[in-house]
Amino acid sequence: MKQLMLNDGRSVEVQSVSAADGVMHIRMILTTSEQLKAFFSDSFATSVMTLYENGKKAAEYENYTILKYIKEESGGIWEVEMRQDSADMNTRLEELEEEVQASRQTAIQTNTDLQIAIAELTALITTLTTPTADGGGGETDVS
């Protein structure tokens with residue numbers, strides 16, 4: 001016997017729970033779509049879900065708060081798909097685009113800083129190698 005305990009204290013009997021890459025599938029029988037909507041559309045209740053098998057904690061799932069679908073399969077088997085907040089593709093793409101833009105700006109600034117450093121070193125080398133008024137080079141023998 002498997003029970004999925006929601007954050008708000010409610011529990012539902014399940015056949016199986018699988019979660020990978022921000023997507024969770026929950027399969028159960030002897031329920032209705034209305035009951036499932038009531039259970040899984042509450043983001044507070046689904047923010048932490050704990051799976052118990054034979055009364056022992058088997059797994060804990062966090063932030064699966066986006067209800068994607070409820071479907072009925074043959075034989076009265078229901079499947080619910082939940083997604084994690086952090087797994088929302090549009091949000092992830094926006095965050096990655098922001099990271100790329102920030103990395104691009106950092107690379108541009110680093111390139112500019114390197115060009116300035118090269119110019120300063122070139123000017124210093126030129127100053128050191130230019131002959132002085134006493135006829136010698138820019139280097140002075142200190143020995």
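Given the structure is predicted, the values throughout are model-derived calculations rather than measurements. Throughout, numbering of the chain's residues begins at 1 and tracks the sequence.
Two residues are said to be in side-chain contact when any heavy atoms from C-beta on lie closer than 4.5 Å; Thr46 and Tyr64 fail this criterion. No side-chain heavy atom of Leu4 sits less than 4.5 Å from a side-chain heavy atom of Phe39. Within the 4.5 Å cutoff, the side chain of Glu13 has heavy atoms near those of the Met1 side chain. Side-chain contact between Val17 and Tyr61: present, with at least one pair of heavy atoms (C-beta onward) separated by less than 4.5 Å. Side chains of Met82 and Leu67 form a contact here, defined as non-hydrogen atoms less than 4.5 Å apart. Proximity of Lys68 to Val23: side-chain heavy atoms (C-beta onward) are nowhere separated by under 4.5 Å. Here the side chains of Glu120 and Leu124 are not in contact, with every heavy-atom distance at 4.5 Å or above. Counting heavy atoms from C-beta on, the side chains of Gln105 and Ile108 come closer than 4.5 Å.
One finds the OG atom of Ser16 at 8.5 Å from the CE atom of Met28 (value rounded to the nearest 0.5 Å). For the atom pair Trp78 CH2 and Glu73 CD, the distance stands at 10.5 Å (nearest 0.5 Å). Between the CG atom of Asn111 and the OG1 atom of Thr106 there is a distance of 12.5 Å, given to the nearest 0.5 Å. Here the CD1 atom belonging to Ile26 is positioned 12.0 Å from the NZ atom belonging to Lys2, to the nearest 0.5 angstrom. Atom CD1 of Ile77 is separated from atom OG1 of Thr31 by 13.0 Å, given to the nearest 0.5 angstrom. Once rounded to the nearest 0.5 Å, the distance linking CD of Gln101 with CD of Glu99 reads 12.0 Å.
Scored by the salt bridge (Lys or Arg N to Asp or Glu O under 4.0 Å) test, Lys37 finds no partners at all (sequence neighbours excluded). Applying the salt bridge (Lys or Arg N to Asp or Glu O under 4.0 Å) test to Lys57 and every residue at least two apart in sequence or in another chain returns Glu60.
Minimum heavy-atom separation, Ala45 to Asp8: CB-OD2, 3.5 Å. When every heavy atom of Ala58 is checked against every heavy atom of Glu53, the shortest pair comes out as CB-OE2, 3.7 Å. Closest non-hydrogen pair, Thr65 versus Ser43, comes out as CG2-O, 3.3 Å.
Tyr52 and Val12 are assigned to two separate hydrophobic clusters, defined by single-linkage of ILVMFWY side chains at heavy-atom distances under 4.5 Å. Note on Ile66: it does not cluster hydrophobically with Phe40, by side-chain heavy-atom contacts below 4.5 Å among ILVMFWY residues. Clustering ILVMFWY residues whenever any of their side-chain heavy atoms sit less than 4.5 angstrom apart, transitively, puts Leu6 in the very cluster that holds Ile70.
Looking at Asn7, its side chain does come within 3.5 Å of a backbone N or O of Phe44 through a donor-acceptor pair. Put simply, the side chain of Gln3 never gets that close to the backbone of Gly55: no donor and acceptor are under 3.5 Å apart.
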